[in-house]
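Shown next, in structure tokens, is the structure this report addresses.
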Amino acid sequence: MQIPLQITFRNMDPSPAVEARIRSLAERLERFDQDVVSCRVVVEMQSRHQHQGNLYHVGIDLRTPGAEFASGRGATPHHAHEDVYVAIRDAFDSLRRQLEEQVRRRRGDVKAHDTPPHGRVAELTPDYGQIETSDGRRIYFHRNSVVDGDFDSLGVGDEVRFAEEAGELGPQATTVHTVGKHHIVG
């Protein structure tokens, strides 16, 4: 960390044990991203005068080159946060997930979702149809394969997406979904 860890206690006395736990968790964050510039942690007791049922709020601000992360802002009070260590754990877990996601994005490890196969209805009979895919293949489907029983509303040229498997007579669509105005662009 380029700037030393800053820990602030509000409405409570500083605790060496709490501070040690925060330092330990902050060091773990640097395992995910060694470019951490600064980390500021605020531990706050909601009401100094209440002895039981008091909730702790932990806010963390962390900076890396080109990104800022925050945890605990606007968090809904949770009865488990009557224990300061649980509140600290939850805030650092949230921040760790954000930091891991940033590191994945930076590396290009973001999941790419495959576009489901799609095509246009090329032929219809009373009981089956054929889909022509963009690469010119023909996929057979039975009326029972059309989701929501919309077979009778299908027309030649309608765009559909489907799940494909090998059938007795060649490729077969096991489920066929009509593509509405919110279609997948492929």
Side-chain angles (χ1 to χ4, degrees), residues 1-119 134 147-148 159-164 174-175 177-186:
M1 220 174 295
Q2 294 175 8
I3 299 173
L5 175 65
Q6 297 174 330
I7 303 171
T8 304
F9 293 92
R10 290 188 184 149
N11 296 329
M12 61 184 285
D13 294 328
S15 163
V18 169
E19 189 171 324
R21 182 65 183 153
I22 290 170
R23 288 189 186 286
S24 169
L25 291 171
E27 285 175 16
R28 287 186 191 173
L29 289 178
E30 288 188 287
R31 292 181 194 164
F32 298 104
D33 190 343
Q34 295 182 358
D35 296 330
V36 173
V37 174
S38 67
C39 183
R40 203 174 107 247
V41 180
V42 176
V43 181
E44 180 177 17
M45 187 185 313
Q46 297 294 333
S47 174
R48 188 178 187 124
H49 304 292
Q50 191 172 339
H51 294 288
Q52 284 187 324
N54 202 353
L55 297 177
Y56 292 91
H57 177 266
V58 177
I60 307 172
D61 291 314
L62 183 129
R63 286 186 29 219
T64 63
E68 291 186 26
F69 303 94
S71 176
R73 289 187 184 159
T76 307
H78 191 278
H79 72 86
H81 293 171
E82 290 179 16
D83 182 337
V84 68
Y85 294 101
V86 172
I88 292 168
R89 179 203 65 201
D90 289 352
F92 272 95
D93 283 351
S94 172
L95 195 66
R96 178 188 45 79
R97 287 189 299 271
Q98 293 175 50
L99 196 56
E100 286 174 333
E101 180 62 27
Q102 172 68 17
V103 170
R104 274 193 295 271
R105 271 191 249 121
R106 201 178 318 147
R107 277 193 235 143
D109 292 346
V110 180
K111 290 182 181 178
H113 297 285
D114 291 331
T115 304
H118 66 282
S134 58
V147 176
D148 297 329
E159 189 174 357
V160 294
R161 60 184 168 89
F162 57 93
E164 181 182 344
T174 55
T175 55
H177 297 270
T178 57
V179 175
K181 58 185 171 187
H182 301 291
H183 67 279
I184 298 169
V185 178

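Remark: Asp35 pairs with Arg106 by the salt bridge (charged side-chain N to carboxylate O under 4.0 Å, His left out) rule, at least two apart or across chains. Here Glu19 pairs with Arg23 under the salt bridge (charged side-chain N to carboxylate O under 4.0 Å, His left out) rule; sequence neighbours left out.
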Query raised in the report: Between Phe69 and Leu99, is a side-chain contact (heavy atoms from CB on, under 4.5 Å) present by the stated rule, with each step listed?
Result: CA-CA 8 Å; Phe69 303 94; Leu99 196 56; 3.7 Å; yes
Query raised in the report: Hey, mind stepping through Thr8 and Val41 against side-chain contact (heavy atoms from CB on, under 4.5 Å) and telling me if it holds?
Result: CA-CA 6 Å; Thr8 304; Val41 180; over 6 Å; no
**Report entry** side-chain contact (heavy atoms from CB on, under 4.5 Å) between Arg28 and Leu25, intermediate numbers included
**Finding:** CA-CA 5 Å; Arg28 287 186 191 173; Leu25 291 171; 3.9 Å; yes
**Report entry** Pair Leu62-Leu29, side-chain contact (heavy atoms from CB on, under 4.5 Å): steps then yes or no
**Finding:** CA-CA 10 Å; Leu62 183 129; Leu29 289 178; 3.8 Å; yes
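Without hydrogens or angle criteria, His118 side chain to Phe162 main chain gives no donor-acceptor distance under 3.5 Å. A donor-acceptor pair under 3.5 Å is formed between the side chain of Thr174 and the backbone N or O of Ala163. At distances below 3.5 Å, not a single donor-acceptor pair connects side-chain atoms of Ser71 with backbone N or O atoms of Ile60.
In this structure, Ser38 OG and Asp61 CG are separated by 8.0 Å, a value rounded to the nearest 0.5 Å. Taking CG of Asp93 as the reference point, atom CD1 of Ile88 lies at 12.0 Å (rounded to 0.5 Å). Atom CG of Asn54 is separated from atom NE2 of His81 by 13.0 Å, given to the nearest 0.5 angstrom. In this structure, Arg89 CZ and Asp83 CG are separated by 8.5 Å, a value rounded to the nearest 0.5 Å. One finds the CG atom of Leu5 at 9.0 Å from the CD atom of Glu27 (value rounded to the nearest 0.5 Å).
Under a 4.0 Å N-O distance rule, the pair Arg104/Glu101 qualifies as a salt bridge.
Contact annotation: the side chain of Glu44 never approaches that of Phe9 to less than 4.5 Å [non-hydrogen atoms, C-beta and beyond]. Side-chain contact check for Leu55 versus Glu82: some heavy-atom pair is nearer than 4.5 Å. Inter-residue side-chain proximity for Ile22 and Phe92 is flagged as met; some heavy-atom pair is nearer than 4.5 Å. The closest side-chain heavy-atom distance from Asn11 to Gln46 is not below 4.5 Å. Looking at heavy atoms from C-beta onward, Val18 lies in side-chain contact with Tyr85 at the 4.5 angstrom threshold.
Heavy atoms only, all atoms of each residue included: Gln98 and Ala70 are closest at NE2-O, 2.9 Å.
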